[in-house]
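Each remark here refers to the structure printed beneath this line.
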Amino acid sequence: MPFTLPALPYPADALAPTIDAETMSLHHDKHHQAYIDKINAAVAEDPALAGKSIEALLASASSLPDPVRGNAGGHWNHSFFWEAMKPGGGAPSGALRQAIDAEFGSLDDFKTRFNEAGVGRFGSGWVWLIVGASGGLEIVSTPNQDNPLMDDAPDPGTPILGNDLWEHAYYLTYRNRRPDYLKAWWDIVDWDRAAERYAEAVR
Ligand code: MN
């Protein structure tokens, strides 16, 4: 099987109470595993897909059947998402902080706009902080399991942070209150990892 489920970088209960342990276990062990099982099944049935990296699949997303596209995106997005968080969170510093302040005015203004973009996504999808085509920071949202690495992304770029807007990401604790989940999520953002991604993206 070409794709396998990455282990969570922390215990399933480590992000509580921001994200409860049951949500983390279901999200990782069931939802993410299902995307992997389905992309592996699709690859097994189509020799043209065999041996391609997940990034290569995303780079040709416009030519993939919808289920293959969705499951490839689902695998990449969730692998990224687990690493975007850590127990205890923190705050951005250095070059990423300077870029956020320059682009959005302040960290709080950035968070507000990111949250607004997340609330504004109708249905399921993701909200991202990316380094866009111009080289600057942008907040973008994608539907379903799309992401800014797909060749037909309307707002392409390199993801620095991403939050999952699917109800399975927050429903057990926050029920229908997506805005509350988005606000709370900042407590567990791994800004050190985000800073690494930013440094790689602008290098
Ligand atoms: Mn999810």
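Sequence positions, counted from 1, serve as the residue numbers for this chain. Every number for a ligand or one of its atoms is a count from 1 in the order of the listing. These numbers come from a predicted model, not from an experiment.
With hydrogens and angles disregarded, no donor-acceptor distance shorter than 3.5 Å links the side chain of Asn147 to the backbone of Asn77.
Distance check, rounded to the nearest 0.5 Å: CZ of Phe114 to CZ of Phe104 gives 9.5 Å.
Salt-bridge check for Asp109 with Arg113: failed, with every basic side-chain N at 4.0 Å or more from each acidic carboxylate O.
In the displayed structure, Lys38 atom NZ is contacted under 6.0 Å by at most 12 heavy atoms of other residues, nucleotides or ligands.
Per residue Asp164, closest N, O or S atom to the Mn ion (ligand 1): atom name OD2. Within His78, the N/O/S atom positioned nearest the Mn ion (ligand 1) carries the name NE2.
When NE2 of His27 and NE2 of His168 are joined through the Mn ion (ligand 1), the resulting angle is 90° to the nearest 10°.
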